[in-house]
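Everything numeric here is computed off the predicted structure, so don't read it as measured data.
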Amino acid sequence: MYARIPTITTNVGGFPDLVVEGETGYLARVQDPKDLADKIIQALTHSEQCQAMVEKAHERVREVMNVKHNAQEVLSYYRQVLGQQENVA
């Protein structure tokens with residue numbers, strides 16, 4: 001997604017959190033080689049649609065995997081937890 005290439009994956013683990021079928025990439029059913037092949041063919045034969053998904057996917061991964069933003073969220077969370085602990089003690 002960062003590399004701006006079409007994303008084709010299975011709908012397991014964390015992939016469905018990033019890849020929205022038909023919007024940011026293609027999600028094939030697990031252990032379904034025909035579905036995976038169909039998704040590959042779709043990506044190859046619908047280049048304009050695929051390119052639009054690539055751009056949406058790039059923006060999505062930049063938002064979700066933003067290191068600075070994620071670090072700020074983690075820092076904020078720890079400050080909140082530590083602040084609550086001080087109030088309890």
Side-chain angles (χ1 to χ4, degrees):
M1 293 170 85
Y2 266 122
R4 286 191 163 107
I5 58 171
T7 301
I8 304 169
T9 187
T10 55
N11 58 354
V12 296
F15 295 120
D17 293 341
L18 285 174
V19 180
V20 177
E21 173 62 34
E23 186 176 323
T24 60
Y26 300 95
L27 285 173
R29 290 183 297 273
V30 177
Q31 297 182 354
D32 189 341
K34 181 179 180 332
D35 190 41
L36 180 59
D38 289 344
K39 303 295 182 180
I40 294 169
I41 291 168
Q42 188 175 1
L44 291 171
T45 59
H46 295 88
S47 60
E48 286 183 25
Q49 176 189 18
C50 193
Q51 188 57 42
M53 283 193 295
V54 164
E55 293 307 317
K56 283 184 182 179
H58 182 74
E59 288 303 314
R60 182 171 175 90
V61 78
R62 287 185 64 205
E63 287 176 20
V64 174
M65 303 304 244
N66 182 311
V67 174
K68 287 183 181 180
H69 177 71
N70 291 349
Q72 286 290 15
E73 285 185 346
V74 169
L75 179 61
S76 175
Y77 175 77
Y78 279 116
R79 284 183 173 159
Q80 180 182 4
V81 169
L82 292 172
Q84 287 175 355
Q85 286 179 350
E86 289 174 11
N87 293 334
V88 172

Worksheet item: Passes side chain to side chain contact (heavy atoms under 4.5 Å, CB included), T9 versus L27? Steps please.
Response: CA-CA 5 Å; T9 187; L27 285 173; 3.5 Å; yes
Discussion item. Ignoring hydrogens, what is the shortest heavy-atom contact between A57 and T24? Give both atom names and the distance.
Written reply: CB-O, 3.2 Å
Item to complete: Please name the pair of heavy atoms, one in R60 and one in L18, separated by the smallest distance, quoted to 0.1 Å.
Response: NE-O, 2.8 Å
Worksheet entry | Side-chain touch V20/K56, heavy atoms, less than 4.5 angstrom | no
Worksheet item: Taking the side chain as C-beta and beyond, is there a heavy-atom pair between K39 and E21 under 4.5 Å?
Response: yes
[X] [atom1] to [Y] [atom2] distance, which is reported to the nearest 0.5 Å:
{"X": "H46", "Y": "Q51", "atom1": "NE2", "atom2": "CD", "answer": "15.0 Å"}
{"X": "L44", "Y": "Q42", "atom1": "CG", "atom2": "CD", "answer": "10.5 Å"}
{"X": "H69", "Y": "R62", "atom1": "NE2", "atom2": "CZ", "answer": "13.5 Å"}

Item to complete: Would you indicate whether Y78, at its atom OH, is surrounded by more than 12 heavy atoms from other residues, nucleotides or ligands within a distance under 6.0 Å?
Response: no
Worksheet item: Hey, any chance M53 and L36 share a hydrophobic cluster, counting ILVMFWY side chains that come within less than 4.5 Å of each other, even indirectly?
Response: yes
Item to complete: Take I8 and I40 through the side chain to side chain contact (heavy atoms under 4.5 Å, CB included) test and state the conclusion after the steps.
Response: CA-CA 7 Å; I8 304 169; I40 294 169; 3.9 Å; yes
Discussion item. The test is side chain to side chain contact (heavy atoms under 4.5 Å, CB included); show your working for V54 and I5 and say whether it passes.
Written reply: CA-CA 6 Å; V54 164; I5 58 171; 5.9 Å; no
